[in-house]
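Here's the structure, in structure tokens; my notes come after.
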Amino acid sequence: MPELPEVEALAGFLAERLVGRTVERVLPVAVSVLKTYDPPPSALEGRTVTAVRRYGKFLALATGDGGHGPHLVVHLARAGWLRWHDTLPAAPPRPGKGPLALRVRLADGAGFDLTEAGTRKRLAVYCVHAPEDVPGVARLGPDPLAPGFTPEVFAGLLRDERRQIKGVLRDQNVIAGIGNAYSDEILHAARMSPFKLAASLTDEERATLYEALETTLREAVERSRGHAAADLKAEKKTGLRVHGRTGQPCPVCGDTIREVSYSDSSLQYCPTCQTGGKPLADRRLSRLLK
């Protein structure tokens with residue numbers, strides 16, 4: 001799933017190519033992709049793109065004077081992606097053929113496709129008067145790259161949280177933009193167990209976690225910046241130290257990276273760096289061994 005660094009890079013990539021250009025057509029191809037109907041996608045047609053912004057993991061394209069026209073807001077979900085074309089095919093796309101979900105054509109023939117692999121269709125597109133009209137955007141917690149996201153703000157978010165820290169970091173209502181991959185990376189950098197209760201952290205542990213969060217995300221943004229949309233997935237994978245690397249040696253201590261599996265996801269961690277050398281309980285594995 002694209003997370004804050006990749007969506008930030010996508011926003012920059014699109015801003016360079018869209019701002020000042022006119023939308024000619026917005027063509028929903030997959031029935032499931034469009035989540036709103038008023039205003040219709042056609043309301044964007046003939047309008048000039050004025051800005052591209054990120055809200056957590058959401059992308060928003062603003063149109064009209066001062067960005068007061070309709071917005072196209074996109075959440076790529078787990079398997080969605082964006083493909084840029086300097087010249088789009090002349091023929092309109094055919095519904096039901098391949099992963100294509102929505103196409104945006106500019107007046108000069110360029111544009112982009114939104115695609116989604118697999119059968120679980122979660123890619124979401126909204127045409128709204130303002131990004132905050134999208135419920136997922138309205139509920140977002142503070143952005144960790146915003147100037148106001150201070151150690152004190154972070155500490156306040158965690159103080160009364162009785163959940164495991166991994167889940168808190170991934171909760172978009174608490175902090176915007178962090179998903180499964182970067183929460184693993186942040187906790188590894190902080191040398192902290194993903195199962196540790198957020199409210200139990202000491203002042204020193206909160207400060208360490210804050211520093212790990214800021215450093216991990218900002219370094220990932222810098223690695224991603226300037227890359228073409230087509231290269232961002234590969235760039236993300238090369239920068240990850242533990243996530244998706246089960247069975248490989250930890251780049252810090254050399255211990256074997258372990259995994260905890262859930263029904264639709266998994267987390268990775270280093271026992272030596274994060275849990276005092278003790279493997280975490282993997283409930284799915286435990287059931288298989290019974």
**Prompt:** Which is it for Tyr55 and Glu132 under the side chain to side chain contact (heavy atoms under 4.5 Å, CB included) test, yes or no, and what are the steps along the way?
**Reply:** CA-CA 9 Å; Tyr55 296 83; Glu132 293 76 17; 4.1 Å; yes
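- Here the side chains of Tyr182 and Thr216 are in contact, with some heavy-atom distance below 4.5 Å.
- Arg47 places a side-chain N or O within 3.5 Å of a backbone atom of Ala43 that can act as its donor or acceptor partner.
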**Item:** Working for side chain to side chain contact (heavy atoms under 4.5 Å, CB included), residues Ile178 and Leu217
**Value:** CA-CA 9 Å; Ile178 302 171; Leu217 294 179; 4.1 Å; yes
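- Contact check for His71 versus Cys127: no side-chain heavy atoms found under the 4.5 Å cut-off.
- Looking only at distances, a side-chain donor or acceptor of Ser183 sits under 3.5 Å from a matching main-chain atom of Asn180.
- No side-chain heavy atom of Cys273 sits less than 4.5 Å from a side-chain heavy atom of Asp255.
- Tracing side-chain contacts under 4.5 Å through hydrophobic residues (I, L, V, M, F, W, Y), one never reaches Leu27 starting from Val74; they form parts of separate clusters.
- Both Leu59 and Leu106 are part of a single hydrophobic cluster, where members link through side-chain heavy atoms under 4.5 Å apart.
- Within the 4.5 Å cutoff, no side-chain heavy atoms of Thr50 are placed close to those of Val19.
- A salt bridge is defined here as a Lys NZ or Arg NE, NH1 or NH2 lying under 4.0 Å from an Asp or Glu carboxylate O, and Arg54 with Asp143 meets this definition.
- Side chain of Thr272 to backbone of Gly277: no donor-acceptor contact under 3.5 angstrom is found.
- For the pair Ala110 and Arg21, the tightest heavy-atom approach, listed with the atom from each and the gap, is CB-NH2, 3.4 Å.
- The CG atom of Asp38 sits 5.5 Å away from atom NE2 of His129, with the distance rounded to the nearest 0.5 Å.
- Between the CD1 atom in Ile186 and the CE atom in Met192 there is a gap of 11.0 Å [rounded to 0.5 Å].
- Checked by atom type and distance alone, the side chain of Ser224 never pairs as donor or acceptor with a backbone atom of Val221 at under 3.5 Å.
- The pair Asp113-Arg103 meets the salt-bridge criterion, with a side-chain N (NZ, NE, NH1 or NH2) lying under 4.0 Å from an Asp/Glu carboxylate O.
- In terms of heavy atoms, Ala9 sits closest to Leu232 at CB-CD2, 3.7 Å.
- Side chain of Glu235 to main chain of Asp231: no donor-acceptor pair is present (N/O by atom type, distance under 3.5 Å, no hydrogens or angles).
- Distance CG/Leu61 to CG/Leu72: 5.5 Å, rounded to 0.5 Å.
- Hydrophobic clustering, with ILVMFWY side chains joined whenever heavy atoms are under 4.5 angstrom apart, groups Leu187 together with Val174.
- In the hydrophobic cluster analysis, where Ile, Leu, Val, Met, Phe, Trp and Tyr join through side-chain heavy atoms closer than 4.5 angstrom, Trp84 is grouped together with Val125.
- No more than 12 heavy atoms of other residues, nucleotides or ligands sit less than 6.0 Å from atom CZ of Arg53.
- With His75 contributing its side chain and Ala77 its backbone, the two residues share a donor-acceptor pair below 3.5 Å.
- Between Cys250 and His188, the closest heavy-atom pair is SG-NE2, 3.3 Å.
- Atom CG of Leu82 and atom CZ of Phe112 lie 5.5 Å apart (nearest 0.5 Å).
- The two residues Ala176 and Gly141 have their closest heavy-atom pair at CB-O, 3.5 Å.
- Between Arg241 and Glu185 there is no salt bridge, since no side-chain N of the basic residue sits under 4.0 Å from a carboxylate O of the acidic one.
- Each of Leu267, Ile165, Thr275 was compared with Phe195 under the side-chain contact (heavy atoms from CB on, under 4.5 Å) criterion, and only Leu267 meets it.
- Side chains of Gln268 and His243: a donor on one and an acceptor on the other come within 3.5 Å.
- For the residue pair Thr208/Glu204, the side-chain donor-acceptor check at 3.5 Å is not satisfied.
- Under a 3.5 Å cut-off, the side chain of Glu45 and the backbone N or O of Val26 do form a donor-acceptor pair.
- Of all heavy-atom pairs between Trp81 and Pro2, the closest is CZ3-CG, 3.4 Å.
- One finds a salt bridge joining Glu3 and Lys236 here, because a Lys/Arg side-chain nitrogen approaches an Asp/Glu carboxylate oxygen to under 4.0 Å.
- Proximity of Leu10 to Leu76: side-chain heavy atoms (C-beta onward) are separated by under 4.5 Å at one or more points.
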**Message:** Go through it in stages, so that I can follow the logic: the residues are Arg78 and Ser265, the test is side chain to side chain contact (heavy atoms under 4.5 Å, CB included), and I'd like the CA-CA distance, side-chain angles, deciding distance and then a yes or no.
**Reply:** CA-CA 11 Å; Arg78 177 170 292 184; Ser265 66; 4.2 Å; yes
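- With rounding to the nearest 0.5 Å, the separation of CZ in Arg17 from NE2 in His85 is 13.0 Å.
- Salt-bridge formation is detected for the pair Asp184/Lys166: a Lys NZ or Arg NE/NH1/NH2 atom is positioned less than 4.0 Å from an Asp or Glu carboxylate oxygen.
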**Item:** Intermediate values then yes/no, salt bridge (charged side-chain N to carboxylate O under 4.0 Å, His left out), Lys57 and Glu6
**Value:** CA-CA 9 Å; Lys57 299 179 195 176; Glu6 295 78 50; over 6 Å; no
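- Leu158 has its side chain within reach of Val168: a pair of non-hydrogen atoms, C-beta onward, lies under 4.5 Å apart.
- Among all heavy-atom pairs drawn from Pro28 and Leu102, the shortest one is CA-CD1, 4.0 Å.
- Checking Ser261 against Glu259 by side-chain atom types alone, a donor-acceptor pair falls below 3.5 Å.
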**Message:** Between Tyr269 and Val242, does the side chain to side chain contact (heavy atoms under 4.5 Å, CB included) criterion hold? Intermediate values first, please.
**Reply:** CA-CA 6 Å; Tyr269 68 99; Val242 291; over 6 Å; no
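- Cation-pi geometry between Arg206 and Tyr210 is not satisfied (NZ or CZ under 6.0 Å from the ring centre, within 45° of the ring normal).
- Between the side chain of Glu214 and the main chain of Ala212, no donor-acceptor pair closer than 3.5 Å is present.
- Using a 4.5 Å heavy-atom cutoff, the side chains of Leu4 and Pro144 are in contact.
- Contact check for Tyr262 versus Asp282: no side-chain heavy atoms found under the 4.5 Å cut-off.
- Note that the CZ atom of Phe13 and the CG atom of Leu18 stand 9.0 Å from one another [nearest 0.5 Å].
- Residue Thr215 is tested with Glu211, Arg218, Glu219 for a side-chain hydrogen bond (donor to acceptor under 3.5 Å, both in side chains); the sole match is Glu211.
- Hydrophobic clustering (ILVMFWY, side-chain heavy atoms < 4.5 Å, transitive): Leu201 and Phe154 are in one cluster.
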